[in-house]
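Below is one structure, written out as structure tokens, with a few remarks after it.
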Amino acid sequence: MEAHTIVLGVIGSDCHAVGNKILEAFFSDRGFRVINLGVMVSQDEFIDAAIETGAAAILVSSLYGHGEIDCAGFRDRCIERGVGDIILYVGGNLVIGKHDPAEVETLYRSMGYDRIFGPDADLDAVADLLACDCAAKAVPTGTSR
Amino acid sequence: MNPMDPSGAPAPHSADNSVIAVDIGSTWTKAAQFSHQKGILELVRRVTVPTTVSHLPKGVHELLAELRRGSPTATECPVICSSSAKGGLSVVAVGIVPDLTLAMARQTALSAGARISRVFAYELTEEDVRAIDAIGPDIVLLTGGTDGGNREYVERNCRMLTRLAGRPHIVYAGNRTMAEFAANHLGGFSVVVTDNILPDLDTPNPEPARAAIRAIFIRSITHGKGLDELRSLTAEPVEPTPLVVYEFVRTLSTSVPGWSRFCLVDLGGATTDVYSAGTGTVADGQRIVQKGPPPPPVLRTVEGDLGMRVSAPAAVEAQRAFWGDEATIADMTSHAATVSRNPGHIAKSEAERTRDRNLAAACVSGALARHAGRIREVFTPQGAVWVLTGSDLRGVETVVGSGGFLASEDPATMEALIHLPERDEQNRAVLLPQNPRWYRDRENLLPLFANAARLFPHAACAATANHWKGDAA
Ligand code: B12
């Protein structure tokens with residue numbers, strides 16, 4: 001079976017690099033083809049990379065507390081750019097201070113993210129969900145003759 | 001003026017220490033004989049005729065006859081030739097994302113010596129197909145998708161290209177997974193499949209596609225332009241002039257001390273070409289973050305709206321901000337209108353010459369600014385971080401001006417007129433040379449030296465560096 005391609009990066013002006021490296025190593029180990037854009041990644045850079053690499057999913061990280069501003073409008077932008085049905089995950093320290101996780105989830109869902117994770121997410125469980133979501137999405141594309 | 005009279009040249013001369021370099025330009029065909037002395041080339045004689053467009057070899061034969069008249073060394077020595085006549089090498093580039101595969105495709109074609117006739121991002125439409133037919137390019141460079149990446153756009157664009165009425169050569173250098181599909185689908189064309197120019201986002205791979213474009217030029221396109229007839233005369237195949245210059249810039253930067261970082265601005269009537277070498281990046285991933293594919297070791301850019309004659313009106317329009325005041329802009333606009341009517345126009349009065357100098361300064365400034373990368377300060381909660389895109393020219397020590405006008409103009413005069421912008425329209429800092437030395441390519445020898453370098457790389461590079469330094473020495 002072909003590996004699913006996923007795009008990783010830390011959004012906005014966020015420089016927290018450690019978690020991003022861990023995610024890269026972890027998802028590669030779990031058999032995904034990982035395109036890691038590193039820190040300080042704009043929405044368009046995520047989408048550009050997803051288009052060229054034919055990615056099934058984009059995993060956005062936000063650690064420094066400005067996620068609410070940086071992540072807004074991401075799905076709309078994907079729709080405009082022709083990849084509206086791509087899988088979008090977001091995780092990290094998604095808001096400043098302690099908020100009700102249910103509230104955070106609702107907020108990010110309204111922005112069009114499919115799944116939302118906190119800093120203590122169980123990565124094994126995330127990888128399983130991601131594999132399922134990618135498989136469900138994988139409609140035969142492209143090379144049919 | 002000849003630095004050396006052939007009759008008074010020191011003996012003995014043998015065939016293997018001279019070379020005749022020829023460049024067929026769109027208006028002039030130039031040739032020079034160089035002799036190889038103690039590791040350096042010396043100009044023996046330089047001759048020029050108007051390019052014989054109806055039959056390109058004719059002008060070359062005339063020049064060779066002229067050089068050989070009375071010079072036995074010129075009769076036996078090897079001949080080497082480049083051409084940019086009859087539209088040069090016209091390429092249409094197709095990619096997906098403008099900043100990724102399309103940017104790579106454009107850069108690759110330019111580095112192969114092409115003239116980019118048009119570029120297309122994402123999906124080709126029916127109208128785009130008609131536009132390509134109207135252009136009638138020599139080659140369509142079809143790219144898109146990293147290896148294992150996007151297939152949809154590539155598939156669609158292959159299908160659309162089959163609707164072309166014309167039969168350009170097609171070089172496929174996209175997603176490896178789609179290579180077979182492309183080869184099968186475009187069976188009605190002469191297709192060359194090469195490795196992907198962008199196999200993954202951080203790893204540009206232009207060389208295989210460059211080699212394919214070069215091979216097509218030599219094998220097929222020279223024939224259409226009547227250049228294959230010269231093959232029996234020349235030591236190496238006739239190559240596109242910008243490819244020869246590109247390789248020359250690379251060799252010069254790697255082999256001559258003090259030239260590891262320099263820019264060459266070739267200002268013509270229709271375009272301004274800029275080449276830069278050795279512009280490494282300072283990104284450290286922490287305080288300075290580089291975005292986009294890493295810049296190549298030698299970068300070539302071509303500005304089709306900056307030039308001294310045909311493009312003069314476009315240049316004045318594009319560079320209004322260079323002058324700022326309305327009176328000068330109006331004066332330059334009328335100058336541009338006059339000179340654009342006649343590509344061979346030569347300034348007749350000192351006033352006209354002054355306007356030409358101003359126009360040249362604006363073209364050089366604009367072309368360098370577009371060639372250079374950008375850096376933007378991002379204020380993060382933790383302090384400033386620099387985001388860098390493109391080539392960093394700040395370490396460039398030398399800028400050389402070439403082309404008819406700059407070759408004839410004192411570089412100190414030009415330096416005083418050229419002011420480089422510090423910021424662009426988006427307020428990003430422009431990564432331009434800081435305090436470079438300005439040299440000129442006196443006597444316009446660039447394409448001739450570059451051709452000679454194909455046979456004597458070190459001797460030609462050493463000679464060029466000396467020649468360019470000439471004014472300053
Ligand atoms: C080290 C650190 C820094 C270093 C970063 C160095 C570097 N280049 O990486 C420096 C000193 C530069 C720094 C700066 C700042 N930091 Co800081 N930093 C930390 C610290 C102590 C550790 C971060 C870390 O590396 N963690 C280890 C990694 C493995 O964990 P992680 O990053 O959380 O990532 C994991 C999970 O979040 C999750 N995950 C992440 N993304 C995603 C995405 C998906 C889809 C999924 C499923 C999971 C997932 O998986 C990752 C791997 O396990 C944290 C506090 C903490 N203990 O977390 C604060 C912290 C993140 N920083 C914080 C802040 C506020 C800042 C600053 C704004 C101000 C400051 N205090 O200096 C600046 C911002 C700079 C900038 N432009 O980004 C706050 C954020 C507050 C918030 N969001 O609510 C924190 C939480 C500290 C705090 N409690 O106040 N920081």
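Here is how names work: the chains are called A, B, and so on, in the same order as the sequence lines, proteins then strands, and each is numbered from 1. Worth knowing before you read on, the calculation uses all heavy atoms, side chains too, and leaves out hydrogens, waters and symmetry mates. These numbers come from a predicted model, not from an experiment.
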Within a 6.0 Å radius of atom [atom1] on [X], are there more than 12 heavy atoms belonging to other residues, nucleotides or ligands?
{"X": "B:Glu123", "atom1": "CD", "result": "yes"}
{"X": "B:Arg106", "atom1": "CZ", "result": "no"}
{"X": "A:Arg75", "atom1": "CZ", "result": "yes"}
{"X": "B:Arg214", "atom1": "CZ", "result": "no"}
{"X": "A:Glu80", "atom1": "CD", "result": "no"}

Exercise for review: Enter the distance from A:Ile51:CD1 to B:Tyr153:OH here, rounded to the nearest 0.5 Å.
Suggested key: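 A:Ile51 atom CD1 to B:Tyr153 atom OH measures 5.0 Å (nearest 0.5 Å).
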Check your understanding: Quick one: OG1 on A:Thr5 to CG on B:Asp200, what's the gap to the nearest 0.5 Å?
Key ->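 Answer for the OG1-CG pair, A:Thr5 versus B:Asp200, is 11.0 Å.
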Exercise for review: Keeping the roles fixed (side chain from A:Asp48, backbone from B:Val97), state whether a donor-acceptor pair exists under 3.5 Å.
Suggested key: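 Flag not set: sc A:Asp48 to bb B:Val97 has no pair under 3.5 Å.
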Review point. Can you tell if the side chain of B:Leu201 reaches within under 4.5 Å of the side chain of A:Leu37, non-hydrogen atoms only?
Key: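 Answer yes - side chains close enough.
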Review point. Under a 4.5 Å cut-off applied to non-hydrogen side-chain atoms, are A:Met40 and B:Val387 in contact?
Key: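 Side-chain contact under 4.5 Å: yes.
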Point to revise | Contact origin within A:Arg81 toward chain B - heavy atom pairs under 4.5 Å | key: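 When you check distances to chain B, atoms from both the backbone and side chain of A:Arg81 fall under 4.5 Å.
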Review point. Which answer fits A:Ile35, side chain, backbone, both or neither, if we ask what part of it has an atom under 4.5 Å from a heavy atom of chain B?
Key: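 Only the side chain of A:Ile35 comes within 4.5 Å of chain B.
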Check your understanding: Looking at A:Gly12, A:Gly38, A:Ser13, which has the largest count of heavy-atom pairs under 4.5 Å with chain B?
Key ->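 Option with the greatest count: A:Ser13.
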Point to revise | Proximal component of B:Asp147, with respect to chain A [non-hydrogen, under 4.5 Å] | key: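 For B:Asp147, backbone heavy atoms alone lie under 4.5 Å from chain A.
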Exercise for review: Indicate the atoms forming the closest heavy-atom contact of A:Ala49 with B:Leu100, along with that distance.
Suggested key: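 Residues A:Ala49 and B:Leu100, closest heavy atoms: N-CD1, 4.0 Å.
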Exercise for review: Using distance alone, with no hydrogens and no angle criterion, decide if B:Thr101 and A:Glu52 have a side-chain donor and acceptor under 3.5 Å apart.
Suggested key: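 Distance-only check passes for B:Thr101 and A:Glu52.
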